[in-house]
Amino acid sequence: MSETAQPELTTRYTPSEIEAGVYDAWQTAGLLTPAEKGSDKPTFTIMIPPPNVTGVLHMGHALNNTLQDVIARHKRMSGFDTLWVPGTDHAGIATQAVVEKRLFQEKGLTRESMGREAFLSEIWSWKEHHGNVILGQLRRLGASCDWTRTKFTLDDDMSTAVREAFVSLYERGLVYRGARLVNWDCKLQTAISDDEIEYKQQKGHMWYLRYPVKDSGQFVTVGTTRPETMLADTGVAVHPDDARYADLIGKTLLLPIVNREIPIVADESVERELGTGAVKVTPGHDPADYERGRRNNLPILNLLEKDGKLTDVGGPFAGLTKEAARKAVIEWFEANELLDHIEDITHNISISDRSKTPIEPLVSEQWFVKMQPLAEPAIEAVHDGSLEFKQARWKKVYLDWLENVHDWCISRQLWWGHRIPVWYDEDDTPFPSRVDVEIGSLHPDTGKPIVRQDPDVLDTWASSWLWPFATLGWPNEEATDLNRFYPTQFLSTARDIIYLWVARMVMAGYAFRKELPIQERCPFSTCYIHATVLDGKGRRMSKSAGNGIDPVEMIEKYGADAVRYSLMILTREGQDVKLAANRFELGQRFCNKIWNVSRFALGHLEGDIAEDCGDALEDRWIQARLDSVTAEVTTALGQYDFHDAAQALYRFTWDDFCDWYVESAKRRLRLAEDAGLDSAEAADAARVRRTLGNTLAQLLKLLHPFTPFLTERLWEHLPSTFRSVEGMLMGAEWPVVQDKCETPAEVDYAALQDAVRGFRNVRALLEIAASDKPVGTILANDEAMAQSMRANGDLLSYLAGLSELQVQTGGQRPADSGTDLFVGGSVFLPFTAETDASKLRDSLEKKALKISKGIQAIDGKLANERFIQNAGDDVVESERQRRVELEIEHSTLKANLSALS
RNA sequence: GGGCGAUUAGCUCAGUUGGCUAGAGCAUCUCGUUUACACCGAGAGGGUCAGGGGUUCGAGUCCCUUAUCGCCUACCA
């Protein structure tokens, strides 16, 4: 950026004007893309959690991507070749559903009526026109992704990777096809995985049904929440040690309605105390029953068609919907006096995450991934430290899932997605292949003609689990990016994604990057689990509840920097964040503050600028503080403690820089204005400008990861003498800690600040007008303090609004004066004719009481022998020291008070 | 049923390995337009740290327990 353009800086932070153009400038300058290979810098890689291509930005995204961007920018400035890979996933079910709905509403078309190819081309064109909105929104947020490497999970190279993964797992015996009980979504008519189910508490009933025992007058009563499934019962189970049923084990029941003979079996899984102690077993419709059925060799019957209507197993009720069948079954049992009783209960029902309709467990033929062997190295990864969770407690959640993992059903009865790369011959013998197989060609094992490709597609996660390396060129092991940027360093995501995505990516890293040494296989070294964004009342933000806050709207209202900064400071690591729209005012105010103090500083940097910084107390103090905040921010960001870094910057910017350094510096800048060009004051002001400019430049760098737009705009206006390198702030180097903190300047300036506060306090309590400039007096506790106060008397007078400052160490305390304590003694301001000292007296008496309470507390401790014995020497010593200080304060205060009256 | 998290000022939250008189922002009250900023400045008030026990010289912080709220998880028919 050139310095030539100097448009007027507005008096207010106006984000829309500031942000416009900055992002494009970064991109044009090539700052979003890491340098070509050849650089000897270390790399730092972040993979974006790919949002749904149909999605729009919500607050969770805004938070998550701000976190990633803060890290990316900090690492980039810290000398890493930083790559942040953006992209989207194809979100199989969600996207297909959106387009299907639209086609039906607009044209009355269904996908079946259109056919597979036509439908897919509709989705693709929809994606081209309406997809990727979210990527544009990320730009508005300021996300410094490398757009030249943008990926989509259905890109050709990603598809190649998916096929490679599928076939290679098949070859290793880790992918198999089988008829198993899966979660069936009757509305979308596809299998879904366990992780796509949500549970909802609902009021319902427990029906107790009586089944007659064959050739005896006895009955066995079983309870069920879903009576219609009794039609597919193939047994009843009781506990082997249950005396009530002992003589019935092995006997046969006559299943009502359909008159099927089913056995009574013994199974350890039955809890005697629950219900009647007898459980109807429906292996085709309940996961627990499926297992019981297997253990006892009970047949599996499928009661439901894929559309949720009853099969022939339903006997007289075949063809009914499950709801109608339920009613019919209950009526039948009532009519035949086999309905024992009904209880009202609340219970959990499984709902499809996608269609929000009840899930039916259903036996069907699907492809599965055998998870346990894949899980083992992923478990080991957290044990050997290859993978760390930020907020270590999430490690447990991750392990819980991996240690109890079930095989993963990866086929989906959809059209939008990676079609399963398996072809079948006329006997249905599968042939998985990395490349397309022609219909009519011969199956390599059976020699019979190939007749069809598997019609199903893969679960979306079966492509996104490859994201960390497929985006970099895998399966081409020679790919430059793959070798350079894998493994990555930082993955930030939401907690509900730990199972769905994080654990699977780690599994994939170990399963597919076997050519790497073991310690380089884990796809990322840190997994950061970000806060959940809740609304102002603590509820989850959701579309259906309509309580979401639109980040783009917030960006338009408050500015991207304000939104980013607010999110960072409001979100404590690992803690949920309650967010109401007005909370962004915090960031807005802060941005305005940065803007205005920069405006002040830049305005003064037009004068002469010395080589060296000023060496007055305030100059040395602000440099020490700047060094200290630099260390704090650098450490915090290194540990991914975003809140701490944001907080440290807030304190430094607002309190130290704005309220104290700038206010202090004004004095010398104004003296120079009055004194003329060649004066000593002018020379001094030139050094103030050096300090002011250096501090501002470094502050802008420190702030840049949080508020990139604003700081970049301000950087343009900074004279080149304050920029070690030309170019944009985004490409500038991160400040180095100089170890300048803890200097005597900090102690002296702190005393001065305290004295100023004391004077201001007295002013307020005595209601001395701001325009009045009284003579102030300091009674210092010792000569050293008096020296320091005298040496900086002009500054102190300026800040406290005094016409003159007198400093003494002993003698008469000023008569008819208001007073307060400060860390090094007392301050005094003279009464005027109309002074009412009562407020001041109340305040001092209150303070005296507090101090004497403090003294009593310490006396209590020091009188306690066990305290002296057990507490550390340093603790005892500091209590003694504190006792002395309080005593001085107390006697001073008492003396001051008596002088007052 | 199991697990995790929360409970600190009117509101939203900080508070490192136990150790000075428990902090901040917002809100409230008083004063103030001093040429960076009223999206500002100066000052003030406001808290038996959810309840109860315990460990300790000392507990917001560690342990036990109760309560309320939230999240995750589980095959109660």
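Just so you know, these numbers use all the heavy atoms, side chains as well, and skip hydrogens, waters and symmetry mates. Residue numbers begin at 1 in each chain, while the letters A, B, ... track the order of the sequences.
Every ring pair (Phe, Tyr, Trp, His ring centres under 6.0 Å) that A:Y650 has, sequence neighbours left out, goes to A:F590, A:W654. Listed by chain and number, the residues in a ring pair (Phe, Tyr, Trp, His ring centres under 6.0 Å) with A:F642 are A:Y528 (sequence neighbours excluded).
If you measure from atom CD of A:Q575 to atom C1' of B:C69, you get 13 Å, rounded to the nearest angstrom. Taking atom CG on A:L534 and atom P on B:G5, their separation rounds to 17 Å, with Å as the unit. For the pair A:K846 NZ and B:G45 C1', the interatomic distance rounds to 7 Å; values are reported in whole Å. Between the C1' atom of B:C37 and the CG atom of A:L602 lies a distance of 14 Å, rounded to the nearest Å. Taking atom CG of residue A:N592 and atom C1' of nucleotide B:G41, one finds them 14 Å apart after rounding to whole Å. Note: CD (A:Q391) to C1' (B:A6) measures 14 Å, nearest angstrom. A straight line from CG of A:N761 to P of B:G43 spans 8 Å, rounded to a whole angstrom. In this structure, A:N404 places its CG atom 12 Å from C1' of B:G2, rounding to the nearest Å.
Judged purely by distance below 3.5 Å, without hydrogens or angles, the side chains of A:T707 and A:R564 never pair a donor atom with an acceptor atom. In this structure, a donor-acceptor pair under 3.5 Å is absent between the side chains of A:D400 and A:N404. No side-chain donor-acceptor contact under 3.5 Å links A:Y13 and A:R599. No donor-acceptor contact under 3.5 angstrom links the side chains of A:D267 and A:H239, judged on distance only.
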Mind running side chain to side chain donor-acceptor pair (under 3.5 Å) on A:R292 and A:S269 for me, showing each step along the way? CA-CA 8 Å; A:R292 289 192 184 108; A:S269 73; 2.6 Å; yes

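Nearest-nucleotide positions on RNA chain B for A:N864 and A:T11 put A:T11 closer to the 5' end. When each of A:I868 and A:V270 is assigned the nucleotide of RNA chain B with its nearest heavy atom, A:I868 is the one assigned upstream, toward the 5' end.
A distance of 6.0 Å or more separates the ring centres of A:F219 and A:Y211.
Here A:W394 lies out of heavy-atom contact (under 4.0 Å) with every strand. Contacts of A:L886 with the nucleic acid, taken as non-hydrogen atoms under 4.0 Å apart, include base atoms. Nucleic acid contact for A:R599: sugar-phosphate only, since backbone atoms but no base atoms lie under 4.0 Å from a heavy atom of the residue. Within the nucleic acid shown, A:D659 comes within 4.0 Å of sugar-phosphate atoms alone, with no base atom in reach, counting heavy atoms only. A:C591 comes within contact range of no nucleotide atom at all, as no heavy-atom separation falls under 4.0 Å.
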Can you pull every protein N or O that's under 3.5 Å from an N or O on nucleotides 30-32 of chain B?
none

Between the protein and nucleotides 71-76 of chain B, list every N/O to N/O distance that falls short of 3.5 Å.
{"from": "B:C71", "atom 1": "O3'", "to": "A:R540", "atom 2": "NH1", "distance (Å)": "3.4"}
{"from": "B:A74", "atom 1": "N6", "to": "A:N348", "atom 2": "ND2", "distance (Å)": "3.2"}

Could you list, one pair per line, each protein nitrogen or oxygen that sits under 3.5 Å from a nitrogen or oxygen of nucleotides 15-20 of chain B, together with the distance?
{"from": "B:G15", "atom 1": "OP1", "to": "A:R572", "atom 2": "NE", "distance (Å)": "3.2"}
{"from": "B:G15", "atom 1": "OP1", "to": "A:R572", "atom 2": "NH2", "distance (Å)": "2.9"}
{"from": "B:C20", "atom 1": "O2'", "to": "A:R882", "atom 2": "NE", "distance (Å)": "3.3"}
{"from": "B:C20", "atom 1": "O2", "to": "A:R882", "atom 2": "NE", "distance (Å)": "3.3"}

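Residue A:T282 is tested with A:L298, A:D233, A:T224, A:L231 for a side chain to side chain contact (heavy atoms under 4.5 Å, CB included); the sole match is A:D233. Shown are A:R326, A:H285, A:K280; of these, the side chain to side chain donor-acceptor pair (under 3.5 Å) with A:T229 is made only by A:K280.
In this structure, of B:A24, B:A36, B:C4, it is B:A36 that holds the atom nearest to the side chain of A:R670.
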B/S/- contact track for nucleotides 7-12 of chain B, protein heavy atom under 4.0 Å: -----S

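Aromatic ring pairs are classed by plane angle as parallel below 30°, tilted from 30° to 60° and perpendicular above 60°; the pair A:F600 and A:H604 is tilted. Ring geometry for A:F706 versus A:Y565: interplanar angle over 60°, hence perpendicular rather than tilted (30 to 60°).
One finds no salt bridge joining A:R757 and A:D820 here, because no Lys/Arg side-chain nitrogen approaches an Asp/Glu carboxylate oxygen to under 4.0 Å.
Judged by distance alone, with hydrogens and angles left aside, A:K666 brings a side-chain donor or acceptor within reach of the base of B:A36, the pair sitting under 3.5 Å. One cannot find a donor-acceptor pair under 3.5 Å joining the base of B:A42 and the side-chain atoms of A:E663.
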